[in-house]
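Written out below as structure tokens is the structure these notes cover.
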Amino acid sequence: MQGHVYSRLGSFGGSAGTPSPPPPPSPARGGGRRTPGKAGSARGSQEAAVAAAAALGVAGWGGAARRTAWALLAALLRRQAVFLFAPLLYVAAMLLYMGSLPLDVVPRIITRSAPGSVYRSPQLYARLRAEMDADRSADALATVWRHTYKGGAWRPCISNMTNSLPESNGYIYVEANGGLNQQRTSICNAVAIAGFLNATLIIPNFHFHSIWKDPSKFSDIYDEEHFVKRLQNDVRIVDKVPDYIMERFGHNITNVFNFKIKAWSPIKYYKDVVLPKLVEERFIRISPFANRLSFDAPPVVQRLRCLVNFEALKFANPVASLSETLISRMRAKSAESNGKYIAVHLRFEEDMVAFSCCVYDGGDEEKKEMDVAREIGWKGKFTKRGRVIRPGVIRMNGKCPLTPLEVGLMLRGMGFNNKTAIFLASGKIYKSEKTMAPLLEMFPLLQTKETLASDEELAPFKDFSSRMAAIDYSICTYSEVFVTTQGGNFPHFLMGHRRYLYGGHSKTIKPDKRRLAILFDNPRIGWKSLKRHLLNMRAHSDTKGVELKRPNESIYTFPCPDCMCRMNRTTHSKPIHAR
């Protein structure tokens, strides 16, 4: 029965008596043995082979030919799995190759330094010098300042007090530490605190410091008589404590109660903590005293600070007399510009270069010298475990002292030609013979106090850093343009003094050193492009020179006449009486 059915089914699709060919084997069931674990890939390869055979018209081939074609195509497609192992084979080969090489011939990976991170100013100067010298533009000294004070008419508001002083709450003795202008801060703050607490101030004592090494006293630098007289209606000032007070302390200043006050303490601390002790002891001391009063203070305190800084502190006659002589000589050397000159405060002394941790073009010799200088000046500070120094980042952040060459490039780019007279205020320049040469090429009329004065004139001051700094300060004060290159107390005080004298305008160029680092590190910049950037920087300084005081800014940099004019209408205008 079953055979009969098969014979009847076999008669469809063929002639009678001729058996029809069997159907092609199923790819899933026939066509060869399966490979254990590779059923999925085999199945895919078989399906692809059948599809390829059908496309080629081999459906009618004999069984042997069909199986041969399928086997060939499947074998080719299976080889794709080899490519999965290609990355592993490559890595293994590279490791074997690298391991066979000695360490001294391992290829070095070269990275490109970030813009502004490398000192390349000498190369820039060499490339642009011809174009710079060929530039015949008019000198900028006559037209450098175009803006005026933004607060309207400038009124330096330091009113004179006429009221008699009440009985003193006691004596205050302070030790002013630091250099010339840090000591100046201490003096101004001491007077302001003494006036606020209604205390009698002893003439401040100058602390001898191992860095400045200046044993000068107050009267060696400032006119003590003028100082006391100018403040007589505001604060009592004496040169020593009465004997009957000192007897209580065995005539030994170290027995007097000493306040260790945190930096930038508010005036309220002095009222709440210092005043009660002053009233109790009748004599206290505060040491050290630099920066021990916050910038933010009531108008009565700000008025006293300004009165001291801009009116009461006059340099002693020897310093003032030589300074006036050198200013006259500087103006005479600036005859082509009607007596106008530029003053530059250059901080490129060895200790400043060492402290900055910046790298210049001195190579290994420079590195050794700076390492020694850092260890002498700041033992262990720069070699602490875990401390990381990144000179390139420091330069990009604008923290590196400008070299004399960079100052020259900047000023020439700002439009000042080689006939401009420049006064350079500085200490001993690091490697001056080498580093000063380019600046003198760009500005041959450059002067210092050492070139303006004779050896005999400077002899009384040479061994006293604060007195020498006072001469620099005076000559810079009366320049047409002041250029600051590194920050610090010197330029901050000077900018405020110039605002006070010149109708609210500091007449100061304060360059964007981050921008300078990028410009001076650009190997493709041309002279015209560099000059355009630097002229914009100069114009920005002109605008900033007349800006108003911002909150928490130093009253010594921004005299702020308006806030002082309102002082008589405040609740803090009267001195504090003893309880």
Exercise. With no hydrogens and no angle check, is any side-chain donor or acceptor of D542 less than 3.5 Å from a backbone partner on R146?
Worked result: yes
For this session: Keeping the roles fixed (side chain from T557, backbone from E553), state whether a donor-acceptor pair exists under 3.5 Å.
Result: no
For this session: Applying ring-ring contact (aromatic ring centres under 6.0 Å, His included), name anything that partners Y556, two or more places apart in sequence or on another chain.
Result: F493
Problem set entry | Validation row: S265, K262 side chains within 4.5 angstrom (heavy atoms) | yes
Problem set entry | Over all atoms of both residues, closest heavy-atom pair of L165 and D234 | CD2-O, 3.5 Å
Problem set entry | Exam field: side chain R538 to backbone M414, donor-acceptor pair closer than 3.5 Å | yes
For this session: Kindly indicate whether a cation-pi arrangement holds for R292 with F289, taking the cut-offs as under 6.0 Å to the six-membered ring centre and within 45° of the axis.
Result: no
Exercise. If only atom types and distance count, is the side chain of E175 paired as donor or acceptor with the main-chain N or O of H207 below 3.5 Å?
Worked result: no
Problem set entry | Check: F355 ring centre within less than 6.0 Å of F382 ring centre | yes
For this session: Decide whether H497 and N309 meet the rule of one side-chain donor and one side-chain acceptor closer than 3.5 Å.
Result: no
Problem set entry | Whether S432 side chain and K428 backbone form a donor-acceptor pair below 3.5 Å | no
Exercise. Going by atom types only, do K513 and Q486 share a side-chain donor-acceptor pair under 3.5 Å?
Worked result: yes
For this session: For the residue pair Y222 and F218, categorise the inter-ring angle as parallel (less than 30°), tilted (30 to 60°) or perpendicular (more than 60°).
Result: tilted
For this session: Evaluate the side-chain proximity of L141 to I342: yes if any heavy-atom separation is below 4.5 Å, no if none is.
Result: yes
Seminar exercise, completed: Between I475 and S323 the two heavy atoms that sit nearest each other are CG1-O, 4.4 Å
Problem set entry | Carboxylate-amine/guanidinium proximity below 4.0 Å for R303 and E311 | no
Exercise. Would a 4.5 Å heavy-atom cut-off, applied to side chains only, mark I172 and R285 as touching?
Worked result: no
Problem set entry | Y341: which of E480, R331, Q447 passes side chain to side chain contact (heavy atoms under 4.5 Å, CB included) | R331
For this session: Applying ring-ring contact (aromatic ring centres under 6.0 Å, His included), name anything that partners F283, two or more places apart in sequence or on another chain.
Result: F249
For this session: Could you tell me which non-hydrogen atom of R514 sits nearest to which non-hydrogen atom of N397, and how far apart they are?
Result: NE-O, 3.3 Å
Exercise. Any donor-acceptor pair under 3.5 Å linking the side chain of T508 with the backbone of S506?
Worked result: yes
For this session: Check C358 against I394 and note the closest heavy-atom contact, atom names and distance.
Result: SG-CG2, 3.5 Å
Exercise. Does the side chain of S479 pick up a donor-acceptor pair with the side chain of R498 at under 3.5 Å?
Worked result: yes
For this session: For the pair L197 and V274, evaluate side-chain contact (heavy atoms from CB on, under 4.5 Å) and give the outcome as yes or no after the intermediate values.
Result: CA-CA 9 Å; L197 300 181; V274 176; 4.1 Å; yes
Exercise. Can you check whether I202's main-chain N or O pairs, donor with acceptor, with D239's side chain at less than 3.5 Å?
Worked result: no
Problem set entry | Under 3.5 Å: donor-acceptor pair, side chain of T484, backbone of H345 | no
Exercise. Do F423 and D472 have side-chain heavy atoms sitting under 4.5 Å apart?
Worked result: yes
Seminar exercise, completed: Separation between OG (S465) and CG (D214), nearest 0.5 Å, reads 4.0 Å
For this session: For the pair Y171 and V238, evaluate side-chain contact (heavy atoms from CB on, under 4.5 Å) and give the outcome as yes or no after the intermediate values.
Result: CA-CA 9 Å; Y171 294 85; V238 297; 4.2 Å; yes
For this session: Compute both the distance and the angle, then confirm whether R184 meets the cation-pi test with Y473: under 6.0 Å from the six-membered ring centre, within 45 degrees of the axis.
Result: yes
Problem set entry | Option among K449, K462, R329 that satisfies the salt bridge (charged side-chain N to carboxylate O under 4.0 Å, His left out) test with E457 | R329
For this session: Using a 4.5 Å cut-off on heavy atoms from C-beta on, say whether the side chain of M495 contacts that of F490.
Result: no
Problem set entry | ring-ring contact (aromatic ring centres under 6.0 Å, His included) involving F295 - partner list, sequence neighbours excluded | W264
For this session: Could you verify whether a donor N or O on one side chain and an acceptor N or O on the other, from S216 and S466, lie under 3.5 Å apart?
Result: no
Exercise. For the residue pair F259 and F257, is the inter-centroid distance of their aromatic rings smaller than 6.0 Å?
Worked result: yes
Problem set entry | Taking every non-hydrogen atom, the tightest pair across W378 and A354 | CZ3-CB, 4.4 Å
Problem set entry | Crowding at NZ, K277 (>12 non-hydrogen neighbours, <6.0 Å) | yes
Exercise. Could you walk me through whether D139 and K419 pass the salt bridge (Lys or Arg N to Asp or Glu O under 4.0 Å) check?
Worked result: CA-CA 8 Å; D139 186 50; K419 294 183 179 180; over 6 Å; no
Exercise. Which heavy-atom pair separates A190 from V174 by the least distance, and what is that distance?
Worked result: CB-CG2, 3.9 Å
For this session: Taking the side chain as every heavy atom from C-beta outward, state whether L452 and M330 have any atom pair closer than 4.5 Å.
Result: yes
Exercise. Is atom CD of Q232 surrounded by more than 12 heavy atoms (other residues, nucleotides or ligands) closer than 6.0 Å?
Worked result: yes
For this session: Report yes or no: is the cationic atom of K271 (NZ for Lys, CZ for Arg) under 6.0 Å from the centre of the six-membered ring of F196, at an angle within 45° of the ring normal?
Result: no
Problem set entry | Any donor-acceptor N or O pair under 3.5 Å, side chains R499, H505 | no
